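Worth saying up front: this structure is predicted, and the values here are computed from it rather than measured.
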Amino acid sequence: MIDIKLIREQREFVKKEMEKLFVPVQIDEIYEFDESKRKLLYDTECLRNTRKILSKEIAAEKNEEVILAKKNEVKRINELIKTQEDELSAIEQKLNALMLNVPNLPDSDVPVGRDETENVVVSYFNAKKKFDFKPKTHFEIGEKRDLIDFERGVKISGTRFYVLKKGFAKLQRALINFMLDTHITYHDYEEVYPPYMVNEACLVGTGQLPKFSDTLYKDDDSGLWFVPTAEVPVTNMYRDEIIDIKMLPIKHAAYTACFRKEKMSAGKDTRGIKRGHQFDKVELVKITTPETAKDELFNLINDVQDILNRLDIPHRLVKICTGDLSFSAKEKYDVEVYAPGMDEWLEVSSCSNFGSFQARRANIKFKRDKNSKAEFVNTLNGSGLALPRVMIAIIENYQTKDGYIRIPNSLKPYFGIEEFI
RNA sequence: GGAGAGAUGGCCGAGCGGUUUAAGGCGGCGGUCUUGAAAACCGUUGAUGCUUAAAACAUCCGGGGGUUCGAAUCCCUCUCUCUCCGCCA
């Protein structure tokens with residue numbers, strides 16, 4: 001949620017900034033609702049104050065007639081309060097619903113652009129590998145060598161599900177451990193293992209709800225939702241808390257499965273393991289003060305890239321333009337790996353700075369010292385990394401002419417004596 | 001799933017219809033004393049809204065609803081926690 005005071009005090013500025021996102025936002029409606037809410041709130045508070053005073057007078061009064069008169073007076077006031085409160089809560093509900101659908105304001109140095117075609121490639125890392133044969137796709141290798149079973153995945157669960165087998169199942173498990181170990185040992189993150197199912201408040205807190213409910217899986221019976229990313233449970237660990245500044249920055253690394261309906265892209269990317277309804281991911285989450293958030297974003301990107309450097313995977317860093325920013329982000333960088341079999345750049349991580357947007361929704365604050373006022377923290381996160389696409393990158397970059405996969409050096413401690421899959 | 005108990009400020013804990021603008025303790029912060037520290041003593045100690053800020057005012061005793069002139073306190077309801085039993089990776 002953005003600060004409603006910005007709409008109150010700098011309405012034209014907010015409208016101008018929102019235009020850069022190329023989505024309609026109802027700023028004027030919000031302004032009107034806010035105005036009437038404040039007026040009504042003030043009036044109601046005055047009435048409550050009068051009632052309070054009268055009640056005290058009744059308690060002190062001895063004269064029965066005066067008591068009766070005052071009682072009737074309060075009854076009359078109560079009726080007024082009741083109508084005003086009903087009106088007030090109706091307005092507040094509408095205002096809140098509108099505010100929850102307002103995206104974050106873009107940071108001043110995000111390039112302005114309409115859609116993903118106007119994203120900016122910042123730079124390239126690790127040279128593309130040279131092949132003396134035509135590199136195969138991961139799904140060709142996977143099917144040929146019985147390492148990915150697409151048919152049985154569909155039989156068990158339906159389209160966009162698959163079964164990893166033997167060396168590929170082990171490769172994914174090794175990668176999860178390698179990523180977590182690296183972040184914990186070298187990048188100073190604290191490991192957490194969160195629930196895969198969360199209540200509704202969590203998803204409102206990080207910004208998936210109410211707007212994107214059609215992309216999420218839900219168990220109607222319990223009212224719990226399956227997490228689309230570990231960002232949701234990990235950030236919400238601190239929901240409704242006031243954190244001591246000495247604890248900041250908080251840095252968590254978490255492995256979870258992620259569940260997404262991927263409705264929007266039905267029919268697209270159906271080949272391979274690039275886009276499934278269930279995938280594994282190691283996620284990095286940071287909670288910081290506002291003044292350190294920018295630096296922490298770049299540190300986060302470095303931590304993400306370090307994994308790819310240790311695996312020697314060619315990749316590039318892309319700065320996301322205003323029109324392609326996600327709903328909650330004020331600034332975002334994507335990390336994309338190169339898959340030579342598919343001849344495609346694949347997004348393996350999205351690193352975002354949310355400013356105070358999520359903190360305001362989830363009510364996460366910090367105090368500079370004992371007597372200072374609580375302020376909203378800033379939240380950040382990035383994948384570190386998404387497993388299927390890193391798998392694709394390793395399979396396709398490390399393949400041999402006869403369809404085997406060489407194990408990258410940094411993964412060898414996780415494979416024992418094996419040299420190939 | 002069955003039976004019972006409970007939910008109060010950072011923590012513990014009183015409070016059972018109107019001096020509660022929530023007692024008392026612990027912890028935290030500031031001070032006195034001290035070479036320094038401890039102890040002791042004194043003071044202070046939440047959130048939200050409105051407000052340039054402060055003051056004032058309003059709201060907050062798990063959530064929602066009700067009774068009453070007035071609710072932390074009474075009633076209904078939901079959620080959660082704990083104890084015991086049953087079931088189960």
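Both A374(A) and I4(A) lie close to RNA chain B; mapped to their nearest nucleotides by heavy-atom distance, the more 5′-ward contact belongs to A374(A).
In this structure, N78(A) reaches the sugar-phosphate backbone alone: every heavy-atom distance under 4.0 Å involves primed, P, OP1 or OP2 atoms, never a base. Nucleic acid contact for K75(A): sugar-phosphate only, since backbone atoms but no base atoms lie under 4.0 Å from a heavy atom of the residue. In this structure, L41(A) reaches the sugar-phosphate backbone alone: every heavy-atom distance under 4.0 Å involves primed, P, OP1 or OP2 atoms, never a base.
In the model, S222(A) has a side-chain atom that pairs as donor or acceptor with a side-chain atom of D219(A) under 3.5 Å.
Residues K15(A) and D28(A) are paired through a salt bridge, judged by an N-O separation under 4.0 Å between the basic side chain and the carboxylate.
Nucleotides A54(B) and G6(B) place their C1' atoms 42 Å apart, quoted to the nearest Å. Distance noted for atom P between G10(B) and A22(B): 14 Å (whole Å). Rounded to the nearest Å, the gap between the C1' atom of C84(B) and that of U73(B) is 30 Å. With P as the reference atom, A47(B) and A55(B) are 12 Å apart, rounded to whole Å.
The side chain of I242(A) sits closest to A47(B) out of A47(B), G66(B), C69(B). Comparing A58(B), C69(B), A47(B) by their closest approach to the side chain of K71(A) singles out C69(B).
Side-chain contact between E331(A) and K294(A) is present, with heavy atoms from C-beta onward closer than 4.5 Å. Put simply, the side chain of F298(A) reaches to within 4.5 Å of the side chain of Y333(A), judged on heavy atoms. With a 4.5 Å cut-off on side-chain heavy atoms, V227(A) and L216(A) do not count as touching.
Taking the six-membered ring for Trp and thresholds of 30 and 60 degrees, Y217(A) and F226(A) have ring planes more than 60 degrees apart, a perpendicular arrangement.
Here F327(A) contributes atom CZ and N101(A) contributes atom CG; the two are 6.0 Å apart, rounded to the nearest 0.5 Å. Annotation: the span from I405(A) atom CD1 to I395(A) atom CD1 amounts to 6.0 Å, rounded to 0.5 Å.
Qualifying side chain to side chain contact (heavy atoms under 4.5 Å, CB included) partners for V204(A), counting only residues two or more places apart in sequence or in other chains: L100(A), L209(A), R361(A). Residues meeting the salt bridge (charged side-chain N to carboxylate O under 4.0 Å, His left out) test with K365(A), sequence neighbours left out: none.
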Contacts table for residues 305-313 of chain A: side-chain donor-acceptor under 3.5 angstrom, sequence neighbours left out:
from: Q305(A); atom 1: NE2; to: H315(A); atom 2: NE2; distance (Å): 3.1
from: D306(A); atom 1: OD1; to: R310(A); atom 2: NE; distance (Å): 3.4
from: D306(A); atom 1: OD2; to: H187(A); atom 2: NE2; distance (Å): 2.7
from: D306(A); atom 1: OD2; to: R310(A); atom 2: NE; distance (Å): 2.8
from: D306(A); atom 1: OD2; to: R310(A); atom 2: NH2; distance (Å): 3.4
from: N309(A); atom 1: OD1; to: N126(A); atom 2: ND2; distance (Å): 3.2
from: N309(A); atom 1: ND2; to: Q305(A); atom 2: O; distance (Å): 3.4
from: D312(A); atom 1: OD2; to: K129(A); atom 2: NZ; distance (Å): 3.1

* Dot-bracket encoding per residue of RNA chain B, Watson-Crick/G-U cut-off under 3.5 Å, | denoting interstrand -> ((((((((.[[[..)..(.....]]]((((((.......))))))((((.......)))).[[[[[..)....]]]]])))))))....

Short N/O separations, protein against nucleotides 51-54 of chain B, under 3.5 angstrom:
from: U51(B); atom 1: OP1; to: R38(A); atom 2: NH2; distance (Å): 2.6

Between the protein and nucleotides 18-21 of chain B, which nitrogen or oxygen pairs come in under 3.5 angstrom?
from: G18(B); atom 1: N2; to: S55(A); atom 2: O; distance (Å): 3.1

